Every structure is written in C-alpha cells, then in structure tokens.
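Accompanying notes for the structure given below.
Quick caveat, the model's predicted, so the values are computed rather than measured. No hydrogens, no waters, no symmetry mates; every other heavy atom, side chains included, goes into these values.
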Amino acid sequence: MSKREVPIGMRIAFAPLCALLSLLGLLPWWMLWGVSDALAFLARDVVRYRRRLVERNLERAFPELSPGERQRIVRRFYRHLTDYFVETVKFRSMSAEALKRHMTFENTELIDKTLASGRDIVIYTSHFGNWEWITTMGLWCREAESAKFSHVYRPLRQPWFNRWFLRLRSRFNVSIPMKQVLRQLLTWRRDGVRFITGFLSDQKPSHAGKVFTVPFMGVDTPFIGGTEELAAKLDAVVMLFDTRVTGRGRYHSTIRLLTEHPRTLLPGELTRLYAANLTDQIRSCPPAYLWSHNRWRLPKH
C-alpha cells in the first residue's frame, strides 16, 4: 500500500502518532516493559477494553477453573496484550540479529528440505505469542533467498493503520491480501518460484467462506476452512508453527509437519489437527492467546 492510498490529510493528522511510535520503538526493553505495565493497567481496569468478552471467553474455555483463577489469567492476558503492542512497535527498529535472540525457530531444516525438493508449503499460524514476529522465520532458513516467504493478511479498514502494519509485516516477508492469495500463489507456481505461505487460521470465519466445526478448547467451534481447501488445490505440504512462550518478549516456535499430501485427507481433518495443536499451545500459557478476539460469536451455517 503506497502513501498515495492514504489521504494527505490523514497522513498529516497521524504524523504525531507516527513520531511517537518511532520514538517508543527506540526505548530499551526495561523501559518498554514499564510502558507495557502501565498500558495493561489502563486497558484492564480503566478503559476495560473488551473486559467482558475476555472474561466470557475464558469462562467458556476454562470452566474447570475457579473465578479467581480465571481472573489471574485476565490480569496476565492484558499484560501480554500490551507486551505484544510494545514488541510490535519495537519490531520496526530491531536488527535481524536482535530478532533472532527474541524469536527462535526449531526444525527449519524441514522447510529447507521441502522447498529444495520442489514442493510448496502452506503453514498454519495463530494469534498466540507474537504473530508479527513469526514473519522472521525466513531469517533461519537457507532457502529464503530462492523462495518466497509470505503471509496472508486481512486489510484493516483504517488506511493509515493498514499501511503502518503492512510495512511492518513486510520487513522479512511478502504480504498478500486475503482476496488475492490464490492468484498470487498460482502466479509464483507458474513462474517456477517456490513459496511458503502462512495463514492466521483462527480468525473469525466469514459468512461466505468455507467453515469446518471442530473441537477447540473443549468447545465445538467453527474454523476457517479455506486454508486446507487451498492446500489441497495446490497439493502443498502443510505445516504449522507450534509456538511456546519462553520469557517476556521471547518465543520459540517448532515447525511441525501435518501432511505432505493434503488431498488424501478427509474434509476438516487438517483443521481438526490445527485446532488440537492450538489448544495445546494455549493450555501451555493461557494469557498468551488473543482472548479479546470474538472467537465464539460466529455465523451459523
């Protein structure tokens, strides 16, 4: 998205915010954690940003916990949410070497081997940990120079923020608008370019898209079905990021193979495997999931 697509009046109006975010990103981590703690208090107890939705989602996902235990997750969730914010702002000024100390990957040789063999990859990602930093995976792969490392994004309605996030997410990755993904991947394939493309597959399904209902956090939940449908159309190898929180501002993601032949699986099977893995990730660190996302208010099909 170019500057021309953002009205000049909007660019002028948002200039102070742009400068503030740039300055914030230059702060050392210890100061950023202080900013995050203050923002977490404001979001949780003053503004009460989506507080009822967060509590309702946690009650549905963890009915076995006491109200007090769930409130402890609520408090930690808001700190993680504001940590995500300052980490994302910091992302713009971090070097590749610094990012590799904060976001680590394991089993990337599986990606290199698959791409080198001439196969393309579809990879499941989620709103767990810091999903912006996941785009740095190419820094760990030998095939990053010869293949396209990309992700699918849903454009934001606000043009200035859409451009800001798009520039951020495209530092080490190619950003593909959701409505153009199949066309872009087919173009790369036609041109003989190998690709690995990540899909945030735990977003709210649209009314028009394919939906599979699978168990998630103990609840039958509709999930986006387009990821596995596209993988089958392309006959791409399917993998996922199994991400864990290893410290404040530190994440470790293991690349796991789901299937080399998606066309051989029954409809919904890949989505079921993905949801099961995501459930396991969330239970390893409940506050690190995006509980302010309206996960269970979904269209009926």
Side-chain angles (χ1 to χ4, degrees), residues 1 49-50 53-54 56-58 60-61 77 80-81 84-85 88 121-135 137 150-158 161-162 164-166 168-170 173-182 184-185 196-217 219-233 236 238-243 251 253 258 267-282 286-301:
M1 186 177 186
Y49 171 72
R50 296 193 176 187
L53 174 62
V54 171
R56 187 166 64 244
N57 282 342
L58 286 170
R60 178 170 288 190
F77 160 73
H80 178 80
L81 183 65
Y84 158 80
F85 167 71
T88 300
I121 301 169
V122 163
I123 192 157
Y124 279 91
T125 66
S126 63
H127 292 92
F128 182 87
N130 191 315
W131 49 96
E132 311 297 348
W133 285 6
I134 286 289
T135 60
M137 181 196 58
S150 59
H151 69 276
V152 179
Y153 77 97
R154 183 177 293 179
L156 302 175
R157 294 180 181 178
Q158 212 288 341
F161 281 104
N162 185 58
W164 191 89
F165 271 102
L166 187 57
L168 179 87
R169 292 165 177 170
S170 301
N173 215 270
V174 178
S175 299
I176 310 174
M178 184 172 58
K179 293 183 179 180
Q180 300 176 22
V181 59
L182 181 58
Q184 181 62 73
L185 298 186
I196 172 169
T197 303
F199 293 78
L200 274 168
S201 298
D202 61 334
Q203 296 186 84
K204 179 180 177 180
S206 66
H207 289 273
K210 180 69 176 179
V211 171
F212 292 115
T213 300
V214 298
F216 171 61
M217 297 301 297
V219 182
D220 287 342
T221 305
F223 269 77
I224 293 171
T227 305
E228 71 168 73
E229 280 197 328
L230 186 142
K233 284 181 181 178
V238 184
M239 304 179 188
L240 61 78
F241 287 121
D242 186 348
T243 302
Y251 309 94
S253 191
L258 288 183
E269 190 171 349
L270 272 175
T271 304
R272 182 182 295 271
L273 290 171
Y274 164 66
N277 180 271
L278 180 54
T279 295
D280 187 51
Q281 289 182 60
I282 293 170
Y289 189 58
L290 189 62
W291 295 109
S292 55
H293 176 55
N294 211 347
R295 173 69 271 180
W296 283 290
R297 187 180 176 183
L298 302 166
K300 294 183 179 180
H301 291 257

- Is there a side-chain contact between V152 and T227, using heavy atoms and a 4.5 Å cut-off? no

- Query: Does the side chain of Y84 pick up a donor-acceptor pair with the side chain of E132 at under 3.5 Å?
  - Reply: yes

- Message: Regarding N277 and Y124, do their side chains bring together a donor and an acceptor under 3.5 Å, going by distance alone?
- Response: no

- Task: Walk me through it: do V181 and F199 pass the test side chain to side chain contact (heavy atoms under 4.5 Å, CB included)?
- Result: CA-CA 10 Å; V181 59; F199 293 78; 4.0 Å; yes

- Query: Within 45° of the axis and under 6.0 Å from the centre of the six-membered ring of F223, does NZ or CZ of R295 qualify?
  - Reply: yes

- Task: Would you please test L278 and L240 for side chain to side chain contact (heavy atoms under 4.5 Å, CB included) and show each step?
- Result: CA-CA 10 Å; L278 180 54; L240 61 78; over 6 Å; no

- Approximate separation, where rounding is to 0.5 Å, of L53 CG and W291 CH2: 10.5 Å

- Minimal non-hydrogen separation, G268 against V214, with atom names: O-CG1, 4.1 Å

- Side-chain donor/acceptor of W296 to backbone N/O of R56, under 3.5 Å: no

- Taking all non-hydrogen atoms of both residues, which atom of T271 and which atom of I224 are closest, and how far apart? OG1-O, 4.1 Å

- Separation between CZ (R272) and CG (L258), nearest 0.5 Å, reads 14.0 Å

- Rounded to the nearest 0.5 Å, what's the gap from CD1 on I282 to NE2 on H127? Could you check? 11.5 Å

- Look only at the side chain of N57 and the backbone of H293, and say whether a donor-acceptor pair between them is shorter than 3.5 Å. yes

- Judged by atom type as modelled, is there a donor-acceptor pair below 3.5 Å linking the side chain of Q281 to the main-chain atoms of G129? no

- Query: How many angstroms lie between atom CZ of R60 and atom OG1 of T221, to the nearest 0.5 angstrom?
  - Reply: 8.0 Å

- Message: Just verifying a value: how many Å separate I121 CD1 and M239 CE, rounded to the nearest 0.5 Å?
- Response: 3.5 Å

- Message: Please identify which of these residues, Y274, W131, F216, F128, meets the side-chain contact (heavy atoms from CB on, under 4.5 Å) condition with D202.
- Response: Y274

- Item | For the student: nearest non-hydrogen atoms of N162 and P155, plus distance | OD1-CA, 3.4 Å

- Task: Determine yes or no for a side-chain-to-main-chain donor-acceptor pair under 3.5 angstrom, with E228 supplying the side chain and P267 the backbone.
- Result: no

- P177 side chain reached by Y153 side chain, heavy atoms, under 4.5 Å: yes

- Rounding to 0.5 Å, atoms CG (L58) and OH (Y289) come to a distance of 11.5 Å

- Side-chain donor or acceptor of S150 paired with backbone N/O of S175 under 3.5 Å: no

- So which heavy atom on V122 is nearest to which on L230, and how close? CG2-CD2, 4.0 Å

- Item | Least distance between heavy atoms, V238 atom then A231 atom | CG2-CB, 3.7 Å

- Query: Between the side chains of T197 and H151, does any donor sit under 3.5 Å from an acceptor?
  - Reply: no

